[in-house]
Amino acid sequence: MFRKLMAAFGAGVEVDTVLRDPHVRPGDTLHGEVRFRGGSSDHKVDGITVEFTAVVEVERGDQEYHATYSFLKAPVSGPFVLQAGEVRALPFAIPVPWETPVSAVGGRPLPGMRLGVATELVLAGALDKGDLDPLFVNPMPVQDHLLGALVRMGFHFKRADLERGTLQGSTMPFYQEIEYHAGPEWRRHFNELELTFIAGPHSMDVILEADKRGGFLTSSHDVYNRFRVGYGDHPGAVERALRDGLAAMARHRGWF
């Protein structure tokens, strides 16, 4: 719905951002438009930008807190004059970055994930950032198959979040961890499993981190595996790569 711009933005100017569909996938294009209603006099709009944001968990010393990070800013318009009483709509089409984290599975929000789209306007020399419109990023087919394979292997979803930091091969200031409780087949090897995707235009790296159970004379420790899958790979090959990665971590240090 329209929000009225206050103070420096002049009397009666209103703006609204409408997304054609808030459900997208990495690599898709987000379509929408910014709608205006002019006020009682003409106003010069200096620029409009659409911003993708995410809520990220930040660790600093012994403290943890959540902060909102911007990971894409796309221009919608340069300067123009919004005339008194004018109704105008400016369309936009913004490519969704390949590394955008998954925030919905099966069309339903993924617990722990908060992504949004905000519209920034510069009007009368002042910046206005509107309320966030939620953005629901569904998995690409290969991601969806990997998530489904974990369920078929007996893993149970625990939570998902975004951690501050940049991983090798990534351009993002944060990375996603989708966490699972180990299922019956893997419980004697792992306490929990964390899954991270680093996606590109043609292929995707999958990072596995498991809390490996300790033996009689050893303590628990983290083990890792990283493998790559192509978007055209057969689902069977993708699932084998996942199972091979889990098996390699289970064999780590040779005591299982």
Side-chain angles (χ1 to χ4, degrees), residues 25-27 54 56-57 59 71 97-103 105 110-113 137-256:
R25 287 174 171 169
V56 178
E57 184 176 298
E59 295 185 9
F71 63 96
W98 289 102
E99 287 189 67
T100 303
V102 174
S103 63
V105 176
L110 185 64
M113 298 301 303
V137 181
N138 290 269
M140 294 183 290
V142 67
Q143 293 172 326
D144 198 40
H145 187 78
L146 284 165
L147 296 174
L150 285 174
V151 173
R152 291 189 292 274
M153 292 179 193
F155 287 88
H156 299 281
F157 175 80
K158 179 183 177 184
R159 68 168 191 156
D161 66 1
L162 298 177
E163 303 278 346
R164 187 178 69 168
T166 300
L167 300 178
Q168 182 181 355
S170 172
T171 60
M172 289 287 200
F174 54 78
Y175 56 92
Q176 183 176 32
E177 290 183 340
I178 305 176
E179 301 179 20
Y180 292 86
H181 297 291
E185 180 182 355
W186 301 94
R187 196 171 294 148
R188 66 191 179 99
H189 306 304
F190 310 132
N191 294 305
E192 295 179 350
L193 177 73
E194 296 176 355
L195 175 72
T196 297
F197 298 128
I198 301 180
H202 307 294
S203 62
M204 177 183 71
D205 281 6
V206 181
I207 301 175
L208 304 175
E209 178 183 352
D211 177 17
K212 187 173 173 66
R213 292 184 181 276
F216 180 68
L217 297 176
T218 59
S219 59
S220 297
H221 59 280
D222 292 339
V223 291
Y224 302 86
N225 190 275
R226 182 168 180 158
F227 61 92
R228 179 167 295 178
V229 293
Y231 298 148
D233 290 354
H234 188 277
V238 172
E239 193 159 336
R240 282 195 299 273
L242 173 62
R243 188 172 284 275
D244 289 347
L246 292 169
M249 291 194 297
R251 293 193 299 269
H252 186 74
R253 295 190 181 175
W255 58 261
F256 94 77

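Predicted model only: the values in this text are computed from it and were never measured.
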Engineer: Sequence neighbours excluded, which residues qualify as side chain to side chain contact (heavy atoms under 4.5 Å, CB included) partners of D205?
Structural biologist: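 Side chain to side chain contact (heavy atoms under 4.5 Å, CB included) check on D205 returns I198, R226, R228.
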
Engineer: To the nearest 0.5 Å, what is the distance between CZ (F174) and CG (L167)?
Structural biologist: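 The CG atom of L167 is 11.5 Å from CZ of F174, to the nearest 0.5 Å.
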
Engineer: Taking the side chain from R25 and the backbone from P139, do they hold a donor-acceptor pair closer than 3.5 Å?
Structural biologist: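 Judged by distance alone, yes, a pair lies under 3.5 Å.
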
Engineer: Do I207 and Y175 come within less than 4.5 Å of each other through their side chains, counting heavy atoms only?
Structural biologist: no

Engineer: Search all heavy atoms of P26 against all heavy atoms of V137 and return the closest pair with its distance.
Structural biologist: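 Closest pair (atom of P26, atom of V137, distance): CD-CG1, 3.6 Å.
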
Engineer: Return the CZ to CZ distance between F227 and R240, rounded to the nearest 0.5 Å.
Structural biologist: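 Going from the CZ atom of F227 to the CZ atom of R240 covers 12.5 Å.
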
Engineer: Any heavy-atom pair between the side chains of L146 and F197 that's under 4.5 Å?
Structural biologist: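 SC-SC contact between F197 and L146 confirmed.
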
Engineer: Counting C-beta onward and ignoring hydrogens, is there a side-chain heavy-atom pair between S170 and E99 closer than 4.5 Å?
Structural biologist: yes

Engineer: Is there a side-chain contact between L193 and E209 in this structure, where contact means two heavy atoms from C-beta onward sitting under 4.5 Å apart?
Structural biologist: no

Engineer: Of Y180, F155, F157, which is the lone residue that meets side chain to side chain contact (heavy atoms under 4.5 Å, CB included) with L147?
Structural biologist: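 Checked Y180, F155, F157 against L147; only one passes side chain to side chain contact (heavy atoms under 4.5 Å, CB included): Y180.
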
Engineer: Would a distance-only check, ignoring hydrogens and angles, find a side-chain to backbone donor-acceptor pair under 3.5 Å from Y231 to P141?
Structural biologist: no

Engineer: Does any non-hydrogen side-chain atom of E57 lie less than 4.5 Å from one of R164?
Structural biologist: no

Engineer: Where do L246 and R251 land on the side-chain contact (heavy atoms from CB on, under 4.5 Å) test, with the steps shown first?
Structural biologist: CA-CA 9 Å; L246 292 169; R251 293 193 299 269; over 6 Å; no

Engineer: So which atom in P184 and which in G154 form the shortest heavy-atom distance, rounded to 0.1 Å?
Structural biologist: CD-O, 4.0 Å

Engineer: Counting N and O atoms only, with roles assigned by atom type, does the side chain of H145 sit under 3.5 Å from a partner on the main chain of P235, one being a donor and the other an acceptor?
Structural biologist: yes

Engineer: Walk me through whether T196 and I178 qualify under side-chain contact (heavy atoms from CB on, under 4.5 Å).
Structural biologist: CA-CA 7 Å; T196 297; I178 305 176; over 6 Å; no

Engineer: Does some side-chain heavy atom of D161 sit less than 4.5 Å from a side-chain heavy atom of V56?
Structural biologist: no

Engineer: Rounded at 0.5 Å granularity, tell me how far OG in S203 sits from CG in D233.
Structural biologist: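 Atom-to-atom, S203:OG and D233:CG are 8.5 Å apart.
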
Engineer: Any non-hydrogen side-chain atom of R187 less than 4.5 Å from a side-chain atom of H181?
Structural biologist: no

Engineer: Do NZ/NE/NH1/NH2 and the carboxylate oxygens of R152 and E239 come within less than 4.0 Å?
Structural biologist: yes

Engineer: Which value, rounded to the nearest 0.5 Å, describes the distance between K158 atom NZ and E177 atom CD?
Structural biologist: 10.5 Å

Engineer: Answer whether the closest heavy-atom distance between the side chains of D211 and D222 falls below 4.5 Å.
Structural biologist: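 Side-chain contact under 4.5 Å: yes.
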
Engineer: Quick one: closest heavy-atom pair of A199 and M204, and the distance?
Structural biologist: CA-CG, 3.9 Å

Engineer: With side-chain contact (heavy atoms from CB on, under 4.5 Å) as the criterion, how do T171 and T166 come out once you've worked through the C-alpha distance, each side chain's angles and the decisive distance to 0.1 Å?
Structural biologist: CA-CA 7 Å; T171 60; T166 300; over 6 Å; no

Engineer: Working note: E194 + L208, criterion side-chain contact (heavy atoms from CB on, under 4.5 Å); need CA distance, chi angles, decisive distance, verdict.
Structural biologist: CA-CA 6 Å; E194 296 176 355; L208 304 175; over 6 Å; no

Engineer: How close do W98 and P201 get, counting heavy atoms only, and between which atoms?
Structural biologist: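 What the structure gives for the nearest pair is CE2-CA, 3.4 Å.
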
Engineer: Could I get the full list of side chain to side chain contact (heavy atoms under 4.5 Å, CB included) partners for P97, not counting sequence neighbours?
Structural biologist: F52, F71, L72, T100, M172

